[in-house]
Amino acid sequence: MSKTVFITGASRGIGAACAVYFAEKGYDVSINYLSSDAKAEAVAERVRLLGRRAHLAKGDVADSSSVCRMIQEAEKELGAIDVLVNNAAISLPQTVFTDVPETEWKRMFAVCVDGLFHCTSAVMPGMLRKKQGSIINISSIWGISGASCEVHYSAAKAAIIGATKALAQELAPSNIRVNCVAPGVIDTDMNSHLSREDMDMLKEETPLGRIGTPEDIAKAVYFLADDSLSGFTTGQVLSPNGGFVI
Ligand code: NAP
């Protein structure tokens, strides 16, 4: 029987790579996104070409009623959700802490942390009913080590690690696993503000000598989703980062 994955922020970058990789592995995919209609439809088309069903879930993960609507629609169209990937996030201009506007601080937490709360709450009843499920939360190396001039991003990404570890303990007796992937520097739109020189410098600082690809991360996410590969793993942080942060 086919399985269903709901992936937030799946119109581009890491989320889109996850959507395609899960489809390759036999999953039907609900593709959440905020506004990139054409990009989300292109991801859905790739999923369909792989013989799987695709559902487009347009809406803001920071808004609980939108999330409830999207999960209900996804479950109606694709069936119960087996895997949730909390991936959607934003990057905001890098700035010293004292210059971070309160609105930007709050928006960062609304998307990254409230988004995780809303989506996880919405899939939980179905997973508890089946006593089965896997949740993968996407953090960042900056949530582990902290990044200067990105306190809002680092703090939100660290909160995701805390939520993963606590929820993993709470849900393990219900056979629901919760894990986290904390990527290093990955070649996506999120880094498009960096110059070629900045990217080359980051590449040089990475022991494996390259920037990561969205597919590198999709494979780590899939590993944590699949019971046959990681059935005894919960509450863990896997950090594919080329050795950048150990
Ligand atoms: P990205 O290319 O910027 O894509 C962001 C995705 O999130 C898009 O699909 C976007 O939808 C969606 N999104 C943004 N705000 C949303 C909201 N409020 N509600 C629903 N969807 C929303 O990002 P990425 O680089 O793939 O990053 C994916 C994840 O990996 C994030 O959690 C990020 O923090 C983490 N990460 C990335 C890197 C990196 O170097 N790229 C490193 C470490 C961790 P639209 O297209 O509709 O805007």
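Just so you know, ligand 1 is whichever comes first in the structure, and atom 1 is the first atom listed for that ligand. The structure presented is a predicted model; accordingly, all values stated were derived computationally and were not measured.
Contacts of F109 classified as ring pair (Phe, Tyr, Trp, His ring centres under 6.0 Å), with partners at least two apart in sequence or in another chain: W105. For F22, the ring pair (Phe, Tyr, Trp, His ring centres under 6.0 Å) partners at least two apart in sequence or on another chain are Y27, Y222.
Heavy atoms of N191 found under 4.0 angstrom from ligand 1 belong exclusively to the side chain. Looking at W142 against ligand 1, nothing comes within 4.0 Å, counting heavy atoms. Using a 4.0 Å cut-off between heavy atoms, L34 contacts ligand 1 through both its backbone and its side chain.
Of the candidates R12, H118, M70, it is R12 that places a heavy atom closest to atom 10 (C) of ligand 1. Which of V85, T188, V111 comes nearest to atom 41 (N) of ligand 1 through a heavy atom is settled by distance: it is T188. In this comparison of I138, I90, I14, the heavy atom closest to atom 15 (N) of ligand 1 sits on I90. Considering each of A89, A10, A88, the one bringing a non-hydrogen atom nearest atom 5 (C) of ligand 1 is A89.
Distance check, rounded to the nearest 0.5 Å: CG of D63 to CZ of R69 gives 8.5 Å. From F97, atom CZ reaches atom OG of S148 across 12.5 Å, with rounding to the nearest 0.5 Å.
Closest protein heavy atom to atom 42 (C) of ligand 1: G184 O, 3.0 Å. Scanning the protein for heavy atoms near atom 44 (C) of ligand 1, the closest one is S139 O, 3.2 Å. For atom 11 (O) of ligand 1, the closest non-hydrogen atom of the protein is S11 OG, 3.3 Å.
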side-chain contact (heavy atoms from CB on, under 4.5 Å) between I176 and E170: does it pass, once the steps are laid out? CA-CA 9 Å; I176 299 167; E170 205 171 302; over 6 Å; no
